[in-house]
Amino acid sequence: MATNAIDQTRRMLSLVTYLRERPGAHVQDVARAFGITEDELISDLDVLPMCGTSFRGGDLLDIDTDGDRIWWHNPDDVAEPLRLAADEATALLVAARAVATLPGLRESDREALVRATAKLETAAGESGAASSRLSVTFEAEGGVFADVDRAISERRRLWLRYYSPARDELTEREVDPIRLFAVGHTYMEGWCRLSEARRTFRLDRVAEIRLLDAPAAPPELELRDLSAGLVQPAAEDPEVVIEVGTGGRWVAEYYPHDSAEELPDGGLRITLRTPDPASLRRLALRLGGDGRIVAPPDLADSAREAAREALAAYEDAV
C-alpha cells in the first residue's frame, strides 16, 4: 500500500524511538518491524540526520548505517526536553496555523494541530502572542497536496484539470492516487483512468482538483525506484541528438543523457533518449540561438517549424 506524507512522518518519529532503544539494529530487522522495504528504510535514514532539536542546525541526529546495521551516535545529546528560542517558537506557531488552514486536511488532523498549537502558544508566552500578528498564504500547490494526501488516506478517486506542457493543453481526467513524492518538485503518482496507465502528475500543474466519492482502486503495481531521478530513459526509447553552444551547456546537467561530446566552439553534442521526443520541441524553443535538434530529422524539422511559427506570432503582435 502506498504511504502518504503524514504516515511517513509518523513512521520516522517512531523510528527515532525504536533506534534509540536498539543500538546497532540490523537493517533487515528494522525494515521488517516497520513493514517497509530496506530501500525505504535507507531513504528515511538519509533524512533523519537533517533533523534535530534546533531549527538553526545544531543538535542534529547523528545516525548512520553501513548497509547492514544502524548506529545512533548521540542519542543522549538530543534526549533532553526541547526548549524553543523566541524565533523558533514564532516560526513554529506561524507554520502550524498556516497548515491548519489548508483545504483538504483531515478534520481529526486539523483538530489535533489546533490543540497542539494552543498548548505551544501558552508555553511560548509573549513570543506566542507576537506570532499571531504574522500569517502565511500558501500557493495553490499546498491545497492540491492536502487534497491528494487526503485522497490517498481515504482511498478515494480524484478528478483533475491538468496542464500538459508537452501538448500545451489542459485535460480533464480521473486518477486513482498511489503516492506523493518529491524530486525537485512535488509529484503524485497514480493510475490515470483516461489513459488506463500509470502516470506522474506535477502538483503545480494541477489547475483544479476534486475528491470523488468513487473508491480508488489502482492495480497492484511495483513502485518505481526514484533514486536515480524522476526521468529514467529506457534503452528502447528513441534517440535524440542536440547540439548546444556555451549558453546551453546546462542541458547536460538537467537532462539524463547517454553522452555529451565537447564541440570546438565550447558547446556540447548531447545524445539522450526519451519516450516522447516531441516534448523536446519546447526545449529547442527555450534554447533559441544556443542550441538545435540535430536528429532525428523529422523532430529537427518540426522544431524549426515551431520556431518559425513563434517568430511569426511575435512579429504579428508587434
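What you see is a predicted model; the values in this text were computed from it and never measured.
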- prompt: If you take all heavy atoms of Pro177 and Ile152, which pair is closest and at what distance?
  reply: CB-CG1, 3.8 Å
- request: Mind running side-chain contact (heavy atoms from CB on, under 4.5 Å) on Leu15 and Leu41 for me, showing each step along the way?
  value: CA-CA 9 Å; Leu15 185 59; Leu41 174 60; 3.9 Å; yes
Residue pair Asp147, Arg150: steps toward the salt bridge (charged side-chain N to carboxylate O under 4.0 Å, His left out) verdict: CA-CA 5 Å; Asp147 283 338; Arg150 179 180 173 187; 5.5 Å; no
- request: Check Ala216 against Asp176 and note the closest heavy-atom contact, atom names and distance.
  value: CA-OD1, 3.6 Å
field: Heavy-atom donor-acceptor pair, Tyr162 side chain to Arg202 backbone, under 3.5 Å
entry: yes
- prompt: Which is it for Arg292 and Val294 under the side-chain contact (heavy atoms from CB on, under 4.5 Å) test, yes or no, and what are the steps along the way?
  reply: CA-CA 6 Å; Arg292 65 189 183 97; Val294 177; 4.0 Å; yes
message: For Glu172, give me all partners under side-chain hydrogen bond (donor to acceptor under 3.5 Å, both in side chains), at least two apart in sequence or on another chain.
response: none
- prompt: Once you round to the nearest 0.5 Å, how far does CD of Gln28 lie from OG1 of Thr37?
  reply: 13.0 Å
message: Using the rule side-chain hydrogen bond (donor to acceptor under 3.5 Å, both in side chains), only one of Glu262, Glu261, Glu243 pairs with Arg269; which is it?
response: Glu243
message: To check you understand the geometry: which heavy-atom pair defines the closest contact between Val175 and Cys192, and what is its length?
response: CG2-CA, 4.4 Å
- prompt: Taking a hydrophobic cluster as the set of Ile, Leu, Val, Met, Phe, Trp and Tyr residues connected by side-chain heavy atoms closer than 4.5 Å, whether directly or through intermediates, do Val244 and Trp250 fall within one such cluster?
  reply: yes
Heavy-atom check, side chain of Pro296 versus side chain of Val240, under 4.5 Å: yes
- request: Identify the two heavy atoms, one from Ala252 and one from Leu268, that lie closest to each other, and give their separation to 0.1 Å.
  value: CB-CD1, 3.9 Å
- prompt: So, the side chain of Arg156 versus the backbone of Asp213: is there a donor-acceptor pair under 3.5 Å, distance only?
  reply: no
query: Going from CZ on Arg198 to CD on Glu222, what distance comes out if it is rounded to the nearest 0.5 angstrom?
result: 8.0 Å
- prompt: Can you find a heavy atom in the side chain of Thr186 that is under 4.5 Å from one in the side chain of Asp204?
  reply: no
- request: Might you point out which heavy atoms bring Ser302 and Leu299 nearest each other, and give the distance in Å?
  value: OG-O, 2.9 Å
message: Among Val206, Leu158, Ile178, which residue satisfies the side-chain contact (heavy atoms from CB on, under 4.5 Å) criterion with Met188?
response: Leu158
query: If you group Ile, Leu, Val, Met, Phe, Trp and Tyr by side-chain heavy-atom gaps below 4.5 Å, do Val241 and Ile293 land in one group?
result: no
- request: Determine, for Glu174 against Arg193, whether the closest basic-nitrogen to carboxylate-oxygen distance falls under 4.0 angstrom.
  value: no
- prompt: Does some side-chain heavy atom of Phe201 sit less than 4.5 Å from a side-chain heavy atom of Arg173?
  reply: yes
message: Walk me through whether Leu221 and Trp191 qualify under side-chain contact (heavy atoms from CB on, under 4.5 Å).
response: CA-CA 10 Å; Leu221 298 170; Trp191 185 261; 3.8 Å; yes
query: With side chains defined as the heavy atoms from C-beta onward, is the minimum distance between Leu203 and Leu180 less than 4.5 Å?
result: yes
- request: Flag the pair Val30 / Leu19 as yes when at least one side-chain heavy-atom distance between them is below 4.5 Å, and no otherwise.
  value: yes
Interatomic spacing from CG in Leu287 to CD1 in Ile242 - rounded to 0.5 Å: 7.0 Å
- prompt: What distance do Asp29 atom CG and Glu38 atom CD have between them, rounded to the nearest 0.5 Å?
  reply: 9.0 Å
- line: Taken in chain and number order and not counting sequence neighbours, the residues that satisfy side-chain hydrogen bond (donor to acceptor under 3.5 Å, both in side chains) with Asp301 are Arg304
Test side-chain contact (heavy atoms from CB on, under 4.5 Å) applied to Ile70 and Leu45, step by step: CA-CA 9 Å; Ile70 305 167; Leu45 295 177; 3.8 Å; yes
message: Looking at Asp39, is its backbone amide N or carbonyl O close enough to the side chain of Ser43 to form a donor-acceptor pair, meaning the two atoms are under 3.5 Å apart?
response: no
- request: Look at the side chain of Asp258 and the backbone N and O of Leu272, then say whether any donor-acceptor pair between them is shorter than 3.5 Å.
  value: no
query: If you look at every heavy atom in Trp71 and Pro23, which pair is closest and at what distance?
result: CZ3-C, 4.1 Å
- prompt: Within a strict 4.5 Å, meaning less than it, do heavy atoms of the Arg161 and Trp159 side chains meet?
  reply: yes
message: Can a donor-acceptor pair be found, under 3.5 Å and without considering hydrogens, that links the side chain of Glu21 to the backbone of Tyr18?
response: no
message: Once side-chain hydrogen bond (donor to acceptor under 3.5 Å, both in side chains) is applied, do any residues pair with Arg199, and if so which ones, sequence neighbours excluded?
response: none
task: Measure the CG-OG1 distance between Leu160 and Thr171 for me, rounded to the nearest 0.5 Å.
output: 8.5 Å
